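Written out below as structure tokens is the structure these notes cover.
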2 protein chains.
Amino acid sequence: MKKITIKEIAKKAGVSIGTVDRVLHNRGEVAPKTKELVLQIAKEGNYTTNVYARTLKLNRTYTIAVLLPNDNEYWNLQNKAISETAEKYQSLGLLLTFFTFYRKDSASQEQQAKKLLESNPDGVILAPLVESGSTNFTKQLDTLKIPYVFVDSNLKNANPLSFIGQSSYQAGHLAAKLLNLGFPHGKRTYIVRFHDFDSLNKTIEERIKGFRDFYHDNGFNPLLIMEMDLSKDAQNFSSEVSAEGPIHFFVPSSRAHQLTHNTMSELDPHPRIVGFDLIEKNIACLKAGAIDFIIDQNPMKQGELAIQSFYNRLITNQDVQQHQPMPLEIFTKENLIA
Amino acid sequence: MKKITIKEIAKKAGVSIGTVDRVLHNRGEVAPKTKELVLQIAKEGNYTTNVYARTLKLNRTYTIAVLLPNDNEYWNLQNKAISETAEKYQSLGLLLTFFTFYRKDSASQEQQAKKLLESNPDGVILAPLVESGSTNFTKQLDTLKIPYVFVDSNLKNANPLSFIGQSSYQAGHLAAKLLNLGFPHGKRTYIVRFHDFDSLNKTIEERIKGFRDFYHDNGFNPLLIMEMDLSKDAQNFSSEVSAEGPIHFFVPSSRAHQLTHNTMSELDPHPRIVGFDLIEKNIACLKAGAIDFIIDQNPMKQGELAIQSFYNRLITNQDVQQHQPMPLEIFTKENLIA
DNA sequence: GTTAATTTCGTTAACGTACACGGAAAATTT
DNA sequence: AAATTTTCCGTGTACGTTAACGAAATTAAC
């Protein structure tokens, strides 16, 4: 039950703590049979290195770089959560540095990535929203042997320390289920996109795929699903939709509020709407009854978990789950305040 | 940015580290003005005690006692999660001891509580399912100044270090929303109870309250809600229900599978069912399409958080959120595997 | 068989904190 | 003014680990 210490191992083996240290760290030369003896005793004594002594001796702080957008409320929330959690972990030896950018400005994005690499951090937290740029970046991290954690979105062919986020596919699937509850043959639905901004966002594509597959899996007519680009169709949107009669809306981004803001309130009967992320404007819409369901990603929690992952990896030597799934948190008008 | 150490404070103040120690710990006598000087310097230098040095010096392990039922799959899951997380935290100085019991056997329950107190733990994890017994127990913990964490269920008039769990009321509310989606005037629903076992369970009562309030808040006829006790009505259940025509079911416990197991498969059209907790039998029912929604409490995560809370409190000196809400995780046939 | 090179190992000083022990200075008593 | 108490403070050790330094033992070279 009680763990053996280096000193005790040394005594039992009849050697000095220096040699024990050499054996346990594979450093320096040590005679084969004493090495074996030491390992034997360590194993029997159930040796694990004392995290507190080790950390105290090393007495170093690790810097974690955060590369995230800060161009809307959702990302601001996440940055804030990370920054608040960072304060707690500062006294434990983790120091965070932020490299935020505007997604529209791809130059600033690359510049921040470059600055990040120059700062030579011990770890990186990022959201691989756009596949091409992200793979490029993570490859550089791989060669530099800098561990990284993904939040919000995952990336194939990368080796993150951990991915923290929802299954976007399942999120889309669930959204479809909610919208079609009570309609055994499927319900006409608009998928609302905004091509001005999120056109390359993997997360959104996966949600849409999950949504469409629900229709397919349930044998619904795929023509029931229509897409619109609200960034340009905003003009003729209202007339078009109201001519079509009762209909549902799926907004696979955090911009569901824009839908309701414009024209929806005039529609009757009230269409069922599912959107994402508990940002203020969406909360207001939920309260007003304009949006029915919001699936939240809990960016605050994700930020916390990302930092915790590095703490466990760099300091406490605990192993980190390679995938830390975030639940699909559903909010309605009724359970908003909880 | 960099924190000052005791030694540095001592040097700046022109005293020894012993004096600084006395000031910072309010122990022993120290002249008022040197005390003030030391405090001043400590504050300016942004002193916080080095967790690693402190823990290393104290070199003690804290024992956390776990008082939970283990009479069904749900509680087994939670115990297992706690026990697995415990292994990770053992090397960090947390040792867990388990006091499990069968809820039917109230004698064994009291006995375990007694044994727990005799073991004089540094903290306790428990689920205050039954109000009377729990308040009695937590009062004893209060007088002994033993901190405790609630999982699953909260307790009024207690002062836990933290409560980790869902809002049962909101869970009931959400269940009602799911069952009534598509029925603007409300849908006839049975609340299915099992008085043989869970009769005093606070959690279940709160879920039912949330469920009923949804009907009330939406102006539905309260007579749409009926209750049945499946532990005794099992016989005439089938005939009664099928005579009534299409209907929904709300099972505010983890026993939704019992409902479907018996008789439901014969009913046509398939009634909509909402239950709780991702235990194996419920998973099977979800897969088979017999249950539509399961709201899971994620007992594994709760167990993890409970231990983490004690780690933060007893060792790292971080403050612990007094309420750590668990999301209402919704599972359907489709997002089960995720 | 002596010297040099190489392998193998022990000693030691930190890291920052907690706490026991006892000594010096000041205050009080005789 | 000496003796005694009280107040105040410094010294030292230990917690378990890391890592540098150099000593001892072994082997190789001639």
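Atom set for the values below is all heavy atoms of this structure, side chains included, hydrogens, waters and symmetry mates excluded. Note that the structure is predicted; figures quoted are calculated from it, not measured. In what follows, chains are A, B, ... by sequence order, proteins preceding strands, each numbered from 1.
- Remark: C1' of dT7(D) and NZ of K35(B) are 14 Å apart, rounded to the nearest angstrom.
- By the 4.0 Å N-to-carboxylate-O rule, E8(B) lies too far from K12(B) to be salt-bridged with it.
- Look at CD1 on I4(B): it is 10 Å from P on dT17(C), rounded to the nearest Å.
- Of the listed nucleotides (dC8(D), dT18(D), dA18(C)), dC8(D) has the atom at the smallest distance from the side chain of P32(B).
- Listed nucleotides dC15(C), dT18(D), dC8(D) differ in distance to K7(B); the shortest reach to its side chain belongs to dC15(C).
- Between R27(A) atom CZ and dT17(D) atom P there is a gap of 13 Å when expressed in whole angstrom units.
- Nearest-nucleotide assignment on DNA chain C puts the 5′-proximal partner with T48(B), out of R22(B) and T48(B).
- Taking only side-chain atoms of E29(B), from C-beta outward, the nucleotide of dG16(D), dC8(D), dT11(D) with the closest atom is dC8(D).
- T34(B) comes within contact range of the sugar-phosphate backbone alone, with a heavy-atom separation under 4.0 Å but no base atom that close.
- At least one side-chain nitrogen or oxygen of H25(B) sits closer than 4.0 Å to the OP1 or OP2 atom of dA18(C).
- A residue-by-residue look at G18(B) and K57(B) shows that G18(B) has its nearest nucleotide of DNA chain D further toward the 5' end.
- Closest to the side chain of R54(A), out of dA18(C), dT17(D), dT17(C), is dT17(D).
- The nearest heavy atom of DNA chain D to D21(A) and to E8(A) marks one nucleotide each, and the one closer to the 5' end goes with E8(A).
- Here the nucleotide nearest the side chain of N59(B), chosen from dG10(D), dG10(C), dC15(D), is dC15(D).
- Side-chain polar atoms of Q40(B) and E36(B) form no donor-acceptor pair below 3.5 angstrom.
- Counting only heavy atoms from C-beta on, N50(A) has its side chain closest to dG16(D) among dC19(C), dC15(C), dG16(D).
- Nearest nucleotide to the side chain of A31(A), out of dT8(C), dC19(C), dC15(D): dT8(C).
- Side chain to side chain, S162(B) and Q324(B) meet the donor-acceptor criterion of an N or O pair below 3.5 Å.
- We find that CD1 of I6(B) is positioned 14 Å from P of dC15(C), with the value rounded to whole Å.
- Rounding to whole angstrom units, CD1 of residue I17(B) and C1' of dG16(C) are separated by 9 Å.
- K33(B) places its NZ atom 14 Å from the C1' atom of dT7(D), with the value rounded to the nearest Å.
- Annotation: side chain of Y89(A) is in contact with side chain of Y311(A) (closest heavy-atom distance under 4.5 Å).
- Taking only side-chain atoms of T49(B), from C-beta outward, the nucleotide of dC15(C), dA18(C), dG16(C) with the closest atom is dA18(C).
- Residue L56(A) places its side chain closer to dC15(C) than to any other of dA19(D), dC8(D), dC15(C).
- The distance between atom CG of N26(B) and atom P of dA18(C), rounded to the nearest whole Å, is 13 Å.
- Both T19(A) and L58(B) sit near DNA chain C, but only T19(A) has its closest nucleotide nearer the 5' end.
- In the displayed structure, Q140(B) atom CD is contacted under 6.0 Å by more than 12 heavy atoms of other residues, nucleotides or ligands.
- In this structure, CD1 of I9(A) is placed 11 Å from C1' of dG16(D), rounded to the nearest angstrom.
- Between the side chains of N59(B) and Y52(A), no donor N or O sits under 3.5 Å from an acceptor N or O.
- Of the candidates dG10(D), dT18(D), dA18(C), dG10(D) carries the atom nearest the V15(B) side chain, counting heavy atoms from C-beta on.
- Y47(A) has a side-chain polar atom (N or O) that falls below the 4.0 Å cut-off from OP1 or OP2 of dT17(D).
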